[in-house]
Amino acid sequence: MCGRYALYAPGRRIREHFRLEDELDLEPRYNIAPGTHVLVVREDSDGRRRAGLCRWGLIPRWAKDPSIGSKLINARAETVVAKPAFRAALRRSRCILPASGFYEWKIVVESGRTLKQPFFIRPHKDDELFGFAGLAECWVSPEGEIIDTCCILTTEANALVKPIHDRMPVILAPGDYDFWLDPGIQEPEALRPLLAPCPPEQLEAYPVSPKVNSPRNDAPELLAPASM
DNA sequence: CCAGACGTTGTT
DNA sequence: GTCTGG
DNA sequence: CCAGACGTTGTT
DNA sequence: GTCTGG
């Protein structure tokens with residue numbers, strides 16, 4: 001799955017990679033957790049790519065209780081087409097979440113004790129960026145409060161991630177960004193081929209300190225390789 | 001038909 | 001144990 | 001994902 | 001809003 005990630009690339013790099021119209025000024029983040037505001041790339045009505053912020057945790061339009069958002073942080077690519085909670089967003093409101101890397105926890109049973117060892121998974125190529133496939137939805141509370149929300153699609157783990165965890169985020173090929181964001185594509189089955197696990201050669205993984213467990217710890221040292 | 005859920009992950 | 005918040 | 005709270009009443 | 005279960 002994808003329940004924690006990082007985005008520390010300079011705004012200039014993010015802009016280049018995602019071909020954004022506007023300047024970006026972002027603080028680097030090493031520990032992005034659900035429930036917080038995250039950067040999303042969308043296509044506006046003029047076909048231009050725009051960056052925005054959404055709360056991570058999708059709240060469907062029809063929800064009366066926004067706390068459902070804390071459960072809808074991921075959508076399974078294999079079943080997303082059929083799920084009422086994601087159906088509308090998949091048709092009309094796809095987005096991409098820029099990332100410098102993501103965390104997965106490996107369950108390690110050692111002398112009878114169960115430990116969860118966090119790993120950081122990043123592009124194998126230095127300075128590269130990930131674009132996670134995402135869905136967005138705008139929720140309006142009964143009092144009229146507007147909340148932009150999003151979630152991240154997940155898929156089966158590829159060969160590199162599998163020893164750590166059996167799920168991983170959908171990492172789009174840059175050549176697929178346009179198609180994924182195109183609001184004209186309303187036939188969800190046409191999007192299927194984009195949602196495969198990315199090639200393992202594009203990734204590298206290494207263990208990091210359990211300091212990352214604490215969602216409020218956002219220090220750059222979280223990226224430091226740790227021994228297991 | 002209406003009522004009630006609508007999700008993923010991991011663990012048992 | 002289970003839900004909420006970050 | 002993990003961490004941390006999880007409740008009501010009455011009083012300040 | 002839309003699907004599932006009764």
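These numbers were taken from a predicted model, which means no experiment stands behind them. Throughout, protein chains are lettered first and strands after them, A, B, ... in sequence-line order, and every chain is numbered starting at 1.
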Please lay out, stage by stage, how A:Arg167 and A:Lys162 fare under the test side chain to side chain contact (heavy atoms under 4.5 Å, CB included). CA-CA 8 Å; A:Arg167 307 286 303 167; A:Lys162 197 148 281 172; over 6 Å; no

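- Each side chain to side chain donor-acceptor pair (under 3.5 Å) pair with one or both residues in residues 91-101 of chain A, not counting sequence neighbours, would appear here, but there are none.
- As rounded to the nearest Å, B:dA3 and C:dG6 have C1' atoms that lie 34 Å from one another.
- Among residue pairs with one or both ends in residues 36-72 of chain A, those qualifying as ring pair (Phe, Tyr, Trp, His ring centres under 6.0 Å) are A:Tyr5-A:Trp56; sequence neighbours excluded.
- No donor-acceptor pair under 3.5 Å is formed between the side chain of A:Thr154 and the backbone N or O of A:Met168.
- The same atom, C1', is picked in E:dT2 and in B:dG7; the two are 15 Å apart, to the nearest Å.
- Reading DNA chain E from its 5' end, the first and the last nucleotide to sit under 4.0 Å from a heavy atom of chain A are E:dG1 to E:dC3.
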Would you mind writing out the side-chain donor-acceptor pairs for residues 118-125 of chain A within the sub-3.5 Å range, not counting sequence neighbours?
| residue | atom | partner | partner atom | Å |
| --- | --- | --- | --- | --- |
| A:Arg122 | NE | A:Glu204 | OE2 | 3.2 |
| A:Arg122 | NH2 | A:Asp126 | OD1 | 3.3 |

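- Between the C1' atom of D:dC1 and the CD atom of A:Gln117 lies a distance of 14 Å, rounded to the nearest Å.
- Sorted by first then second residue, the ring pair (Phe, Tyr, Trp, His ring centres under 6.0 Å) pairs that include residues 69-92 of chain A, not counting sequence neighbours, number zero.
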Could you pull out all donor-acceptor pairs under 3.5 Å where a side-chain atom in residues 132-145 of chain A meets a protein atom, sequence neighbours excluded?
| residue | atom | partner | partner atom | Å |
| --- | --- | --- | --- | --- |
| A:Trp139 | NE1 | A:Ala63 | O | 2.8 |
| A:Ser141 | OG | A:Glu143 | N | 3.2 |
| A:Ser141 | OG | A:Glu143 | OE1 | 3.3 |
| A:Ser141 | OG | A:Gly144 | N | 3.3 |
| A:Ser141 | OG | A:Glu145 | N | 3.0 |

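- Distance A:Asp65 CG to B:dG7 P: 15 Å, rounded to the nearest Å.
- Considering only residues two or more places apart in sequence or on other chains, A:Arg15 meets the salt bridge (charged side-chain N to carboxylate O under 4.0 Å, His left out) condition with A:Glu23.
- Contacts between residues 207-227 of chain A and DNA chain E, counted as heavy-atom distances below 4.0 Å, involve no residue at all.
- One interatomic measurement links the two molecules: NZ of A:Lys64 to P of B:dA3, which rounds to 13 Å at whole-angstrom precision.
- Taking atom P on both nucleotides, B:dA5 is separated from C:dT4 by 14 Å, rounded to a whole Å.
- The distance from atom CH2 of A:Trp139 to atom P of B:dC6 is 18 Å, rounded to the nearest whole Å.
- With sequence neighbours excluded, no residue forms a salt bridge (charged side-chain N to carboxylate O under 4.0 Å, His left out) with A:Arg19.
- A salt bridge does not link A:Asp148 with A:Arg55: none of the charged nitrogens is closer than 4.0 Å to a carboxylate oxygen.
- We find that A:Arg49 and A:Asp178 are joined by a salt bridge, their nearest charged nitrogen and carboxylate oxygen being less than 4.0 Å apart.
- Applying a 4.0 Å cut-off to non-hydrogen atoms, the residues of residues 70-94 of chain A that approach DNA chain E are A:Pro84, A:Arg87, listed by residue number.
- Taking a pair as Watson-Crick or G-U with both hydrogen-bonding distances under 3.5 Å, the stems of three or more pairs touching DNA chain C are C:1-6 with D:1-6.
- Using a 5.5 Å limit on the distance between ring centres and a 30° limit on the angle between planes, the aromatic ring of A:Tyr103 does not count as stacked on the six-membered base ring of D:dC1.
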Under the criterion side chain to side chain contact (heavy atoms under 4.5 Å, CB included), I'd like the reasoning laid out for A:Ile73 against A:Leu58: C-alpha separation, chi angles, the key distance, then a yes or no. CA-CA 6 Å; A:Ile73 64 170; A:Leu58 193 88; over 6 Å; no

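- The gap from the C1' atom of D:dC2 to that of B:dT9 amounts to 13 Å, rounded to the nearest Å.
- Rounded to a whole Å, the CD atom of A:Glu137 is 17 Å from the P atom of B:dC6.
- The separation between A:Phe102 atom CZ and D:dC2 atom P is 15 Å, rounded to whole Å.
- Taking atom C1' on both nucleotides, B:dT11 is separated from D:dC1 by 16 Å, rounded to a whole Å.
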Donor-acceptor pairs are to be reported for all side-chain atoms of residues 213-228 of chain A against protein atoms at under 3.5 Å, with residues two or more places apart or in another chain.
| residue | atom | partner | partner atom | Å |
| --- | --- | --- | --- | --- |
| A:Asn213 | OD1 | A:Trp105 | NE1 | 2.9 |
| A:Asn217 | OD1 | A:Ala219 | N | 3.2 |
| A:Asp218 | OD1 | A:Tyr30 | N | 2.7 |
| A:Asp218 | OD1 | A:Asn31 | N | 2.9 |

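- Atom C1' of nucleotide B:dT9 and atom CG of A:Asp166 are separated by 9 Å, given to the nearest angstrom.
- Nearest-nucleotide positions on DNA chain B place A:Trp62 closer to the 5' end than the other of A:Trp62 and A:Cys2.
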Evaluate the criterion side chain to side chain contact (heavy atoms under 4.5 Å, CB included) for residue pair A:Leu26 and A:Tyr8; output intermediate values, then yes/no. CA-CA 8 Å; A:Leu26 284 178; A:Tyr8 47 80; over 6 Å; no

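- When rounded to the nearest whole Å, the span between CG of A:Asn31 and C1' of D:dC1 equals 9 Å.
- Ring centers of A:His17 and A:Phe130: at least 6.0 Å apart, outside the cut-off.
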